[in-house]
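These notes are about the structure you will find just below.
Note that these values count all heavy atoms, side chains included, but never hydrogens, waters or copies made by symmetry. Here is how names work: the chains are called A, B, and so on, in the same order as the sequence lines, proteins then strands, and each is numbered from 1.
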2 protein chains.
Amino acid sequence: MSNADGAAGVQSVDRALTILERLARSGEAGVTEIASELGVHKSTAFRLVATLEAHRLVEQTEDRGKYRLGVGLLRLAGATTARLDLVQEARPVCRQLASETGETVNVAVLSESSALYLDQVAGSSALQPHNWVGQHIPLHATSNGKVLLSGLSRQECDAVLSKMSAYTPTTITTKAKLRAELDQVREQGYALAVDELEVGLTAVAAPIRNVHGDVVASMSVSGPTFRIGAERVEEITGKVVEAAEEVSHRLGWGHR
Amino acid sequence: MSNADGAAGVQSVDRALTILERLARSGEAGVTEIASELGVHKSTAFRLVATLEAHRLVEQTEDRGKYRLGVGLLRLAGATTARLDLVQEARPVCRQLASETGETVNVAVLSESSALYLDQVAGSSALQPHNWVGQHIPLHATSNGKVLLSGLSRQECDAVLSKMSAYTPTTITTKAKLRAELDQVREQGYALAVDELEVGLTAVAAPIRNVHGDVVASMSVSGPTFRIGAERVEEITGKVVEAAEEVSHRLGWGHR
DNA sequence: GTCAGCGTTGCTCATGGCGCAACGGTAGCC
DNA sequence: GGCTACCGTTGCGCCATGAGCAACGCTGAC
């Protein structure tokens, strides 16, 4: 058992799952390509892929074609979020918010020192934005991240923050500035991020609280900066705060 | 090689994936429980689960606790939806439907208070209809529009509906009548429009759903009213519903 | 205290998975 | 057109590897 790096256990299962991750990264790949990356014979890779295919976790683009991720994953992921009542309660509210604003709505939680995006409802705009679901995004560069941080104590916050990389010229990179920002977030009840993760991307987020009042998640509306100008920010802010409060209520916070 | 049902290939991978499906169905389970269902020793089940855990596809509720699906699945599913393009997935199904019925097939989505037509496949008839792709069409006067509206809540529906102009004598122009119509659409799973947008134009539409079951688009068959009489409506309805369900499946919805 | 059941872990053996080589098909290139 | 090169796919035989066994630490019920 030459268990060098972290993932191990059952070799063939490990390899199969590595294939899934590989396909998630690059879109699609052929058997030979996969085999050489895994360092196994292509017949081995083929059998692994065939087993994944039998469970609809991958599918081939055409007969004798390349392979890509399959719809079976959607079902599994659906079951994953279905057990989180947060997502269940938030979804109708998200849809309503997305339809009112026409922009993309996301729900994120704190996970391992970053923001984990749990759900996304696309806005009505024809061009689809990038899908964030399942991704871990840095806390200091997003509106959701700021909201999630604003629910932590100073010590917890320090523990969670590692290095704060600059993604754009306006990314907050010092703890002092971030603390001031978080104070503001706590005071006004929402967070704003303009061009901080990506130039041209604006987002507004508000906290979702559980029955005890703890910040358990964050809900955001995001879209291109050219479409979300100063005056729309104000309108959207009101709506996202209201929506997040509605979800908080459904989770038992406030009562009335 | 005593595998009864379809899935086979690499045994341990097959078992691991079966565990995922099992967890998707029932929420969470312990090692012993899983082992007995798979018909293997619990140490075997444990190692499979541990490998899945190393890739974050499952997680345990607490130390030495039960197992459930993990967040790694969200990431994989996110990568899947990124490549899922409605038009691309729908196109082969549309072509088949157009060739079976001989009429024109359209795919539309909700956009800015109207139905936006994304794709069209012309029927085999010599008489070609005009091209709807890219056009915004009123929601209350088309079968596609009714289907798209039927997926909205009452508030969302009201927010989206502006004034309901009459295009023909049979156009629905009151909210009460439209609501009754939408209830019927929801119940029967398709929408019909005869001479409502244009005299002499009949269309039948059915909903396309995403993995969550949300109505994300609508697929319609349309043609001259003289060619689509009462008896053909019945035949066409079945086919368009079936086709829309096929596309929904490709987008991850349902699976039996 | 006892017992039963859980998740977890060395150990050992045979079985299931791997590499090999060959096949059929396709695309590109002289 | 024939040739080459490479693709995904498949039977076969050997041995690494994954399965079963049994024991351990732990928790909770009685």
Side-chain angles (χ1 to χ4, degrees), chain A residues 1-23 26-70 72 83, chain B residues 1-23 26-70 72 83:
Chain A
M1 205 131 316
S2 58
N3 170 9
D5 53 343
V10 181
Q11 189 186 55
S12 44
V13 175
D14 184 51
R15 285 171 171 169
L17 302 185
T18 304
I19 291 175
L20 288 180
E21 287 163 5
R22 162 64 165 77
L23 291 177
S26 66
E28 49 178 57
V31 166
T32 308
E33 197 178 347
I34 292 170
S36 78
E37 282 186 35
L38 281 182
V40 299
H41 198 269
K42 63 176 177 169
S43 66
T44 303
F46 172 74
R47 269 183 277 265
L48 293 172
V49 166
T51 309
L52 291 170
E53 190 186 15
H55 288 259
R56 324 230 19 199
L57 299 194
V58 306
E59 58 195 26
Q60 40 188 349
T61 56
E62 64 197 67
D63 212 58
R64 302 192 138 257
K66 296 191 166 192
Y67 287 88
R68 63 183 182 195
L69 295 180
R83 69 168 166 75
Chain B
M1 203 127 320
S2 61
N3 70 358
D5 53 342
V10 181
Q11 189 185 56
S12 43
V13 174
D14 184 51
R15 286 172 171 170
L17 303 184
T18 303
I19 291 176
L20 289 180
E21 287 165 3
R22 163 64 167 75
L23 291 177
S26 66
E28 50 178 55
V31 167
T32 307
E33 197 179 348
I34 292 171
S36 78
E37 282 187 34
L38 281 182
V40 299
H41 198 270
K42 63 175 176 169
S43 66
T44 303
F46 172 74
R47 269 183 276 266
L48 293 172
V49 166
T51 309
L52 290 170
E53 190 185 15
H55 288 259
R56 331 258 351 226
L57 298 194
V58 305
E59 59 196 22
Q60 39 188 350
T61 56
E62 62 197 68
D63 212 56
R64 306 184 72 85
K66 295 191 166 192
Y67 287 88
R68 63 184 180 197
L69 295 179
R83 70 151 178 85

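Side-chain N/O atoms of A:Arg15 and base N/O atoms of C:dG17 include no donor-acceptor pair closer than 3.5 Å. For C:dG16, the base has no donor-acceptor partner in the side chain of A:Arg47 [N/O atoms by modelled type, under 3.5 angstrom].
When the C1' atom of C:dG19 is taken as reference, atom CG of A:Leu48 falls 13 Å away, rounded to whole Å. One interatomic measurement links the two molecules: CD of A:Glu28 to C1' of D:dG8, which rounds to 15 Å at whole-angstrom precision. Between the P atom of C:dT26 and the NZ atom of A:Lys66 lies a distance of 18 Å, rounded to the nearest Å. A:Glu53 has its CD atom 13 Å from the P atom of D:dG8, to the nearest Å. What separates CD1 of B:Ile34 from P of C:dG7 is a distance of 8 Å, to the nearest Å.
Between C:dG17 and A:Thr44, no contact under 4.0 Å exists linking OP1 or OP2 to a side-chain N or O. When the side-chain nitrogen and oxygen atoms of A:Gln11 are compared with OP1 and OP2 of D:dA16, none of them lie within a distance under 4.0 Å. Not one side-chain nitrogen or oxygen of B:Tyr67 sits closer than 4.0 Å to the OP1 or OP2 atom of C:dC6.
Listed nucleotides D:dA19, D:dG8, C:dT8 differ in distance to B:Phe46; the shortest reach to its side chain belongs to C:dT8. Listed nucleotides: D:dT9, C:dT8, C:dG10. Nearest to the side chain of A:Gln60: D:dT9. For B:Val31, the side-chain atoms get nearest to C:dG7 when compared with the rest of D:dG8, D:dG18, C:dG7.
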Would you tabulate the nitrogen or oxygen pairs shorter than 3.5 Å linking the protein to nucleotides 23-30 of chain D?
unit_1 : atom_1 : unit_2  : atom_2 : d
D:dG25 : N2     : B:Arg64 : NH2    : 2.6

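Scanning all heavy atoms of the two residues, the minimum distance from A:Ala16 to A:Leu52 falls at O-CD1, 3.7 Å. Closest heavy-atom contact between B:Lys42 and B:Val31: O-CG1, 3.3 Å. Across every non-hydrogen atom of B:Ala29 and B:Ile34, the tightest pair is CB-CG1, 3.9 Å. Closest heavy-atom contact between B:Ile19 and B:Val49: CD1-CG2, 4.1 Å.
Judged by closest nucleotide on DNA chain D, A:Thr32 is the one of B:Ser12 and A:Thr32 placed further toward the 5' end.
Taking CG of A:Leu38 as the start and CG of A:Leu48 as the end, the distance is 7.5 Å to the nearest 0.5 Å.
Between the side chains of A:Thr18 and A:Arg22, no donor-acceptor pair is found at a separation under 3.5 Å.
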Candidate pair B:Lys66 and B:Gln60, rule side chain to side chain contact (heavy atoms under 4.5 Å, CB included), full reasoning:
CA-CA 5 Å; B:Lys66 295 191 166 192; B:Gln60 39 188 350; over 6 Å; no
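Contact annotation for A:Ser43: base contact, defined as any heavy-atom pair under 4.0 Å involving a base atom.
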